[in-house]
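Accompanying notes for the structure given below.
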Amino acid sequence: MLKQPVRHLIDPEDLSIEELDALIKLAQKIVHSPREYADACKGKILATLFYEPSTRTRFSFESAMLRLGGNVLGFGNANVSSVAKGESIADTIRTVSAYADIAVMRHPKEGAPKLASQYSLIPVINGGDGGHQHPTQTLTDLLTIQTFKNSIRDNTIAFCGDLKFGRTVHSLIRTLARYGIQKFILISPEELTLPDSLKRMLNQTYSLQLEEVRTIEEAVEEIDILYMTRIQRERFFNEAEYAKFKNAYLLDLEKIKNAKEDMIIMHPLPRVNEISYEVDQDPRAVYFEQARLGVYIRMALILKLLGVECAC
Ligand code: CP
């Protein structure tokens, strides 16, 4: 039998809409019957190569592999690996290919996971590269939307915060456009709007409307999904620039008093100063559930990329 080529997930577009839907369905099956998958990856090893800090992405991947019966190794700080001695990404991933069956990499440089995939003998997953892409957050977001809204397509989605540097927004908006969503509301300071190149691509490729406003209150009544984001401090050139925007949006109960009763509030987390703690008690706040669902979609992704056929 011919060996299947290694598949990576570097960009959400590496997966077709049919494959995304299948992953969401598989994740929902795992949510309902986790025990059936408890040995699906027995004997397999996931490597987590994190050159940038993370809580959710790294731990949810590790949790996912452990819940599938596999094992994990890796680093959450590249300075404890031979990267500190100057080892290249190419040599690191070649070596890790001999020690693990699948790897997830986060890196501050855009394109680093793609470069790794070109030298890797095992599937490489992009766990976030600079201000570029965060495909597994997109998978998590899709599962969250499907779970709480029962449909991905029929929603008006507002993105709020740092739309310039926020990689979760860049990945998700392109994917939702592929799903056929027709209207996006973009809420940001003028200096942190969605990059022009991305806006141009969306307008030229899809039949959709991008409405730009500066405040949440201007649009809140028509929003089905409010996707809050953090101002990305680590992407600013200096602290003074960051200070100008760090408190640009703080969602509180007053700001959502005219929102739809079934609107949902999402956030990839971590939050810094975008959502008041009082909002956590509102039934529309689903961001911690979103983080929880990230484990199940990553379990589904690991099964797919490893080609694990289980009788689950
Ligand atoms: N959403 C997300 O990527 O969170 P972490 O930075 O904690 O992984």
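Predicted, not measured: the structure shown is a model, and the values here were computed from it. Atoms within each ligand, like the ligands themselves, are counted from 1 in listed order.
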Checking side-chain contact (heavy atoms from CB on, under 4.5 Å) between Met266 and each of Leu226, Thr168, Ile157, Ile145, which is the one that passes?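 The side-chain contact (heavy atoms from CB on, under 4.5 Å) with Met266 is passed solely by Ile145 among Leu226, Thr168, Ile157, Ile145.
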
Any Leu306 side-chain heavy atom under 4.5 Å of Cys41 side chain: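 In contact.
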
Contact list for residues 105-132, test salt bridge (charged side-chain N to carboxylate O under 4.0 Å, His left out), sequence neighbours left out: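 Checked against salt bridge (charged side-chain N to carboxylate O under 4.0 Å, His left out) - neighbours excluded - no pair reaches residues 105-132.
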
Return the protein residues near ligand 1 (heavy atom under 4.0 Å from any of its atoms), ordered by chain and residue number.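 Within 4.0 Å of ligand 1, protein side: Ser54, Thr55, Arg56, Thr57, Arg106, His134, Gln137, Pro268, Leu269.
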
Under a 3.5 Å threshold, yes or no: a donor from one side chain and an acceptor from the other, between Tyr119 and Asp91?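 No, because no side-chain N or O of Tyr119 sits under 3.5 Å from a partner of the opposite role on Asp91.
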
Looking at Cys160, is its backbone amide N or carbonyl O close enough to the side chain of Thr229 to form a donor-acceptor pair, meaning the two atoms are under 3.5 Å apart?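 Yes, the answer is positive, given that a donor and an acceptor are paired below the 3.5 Å cut-off.
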
Can you tell me if Gln137 uses its side chain to pair, donor with acceptor, with the backbone of His134 under 3.5 Å?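 Checked: no pair found.
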
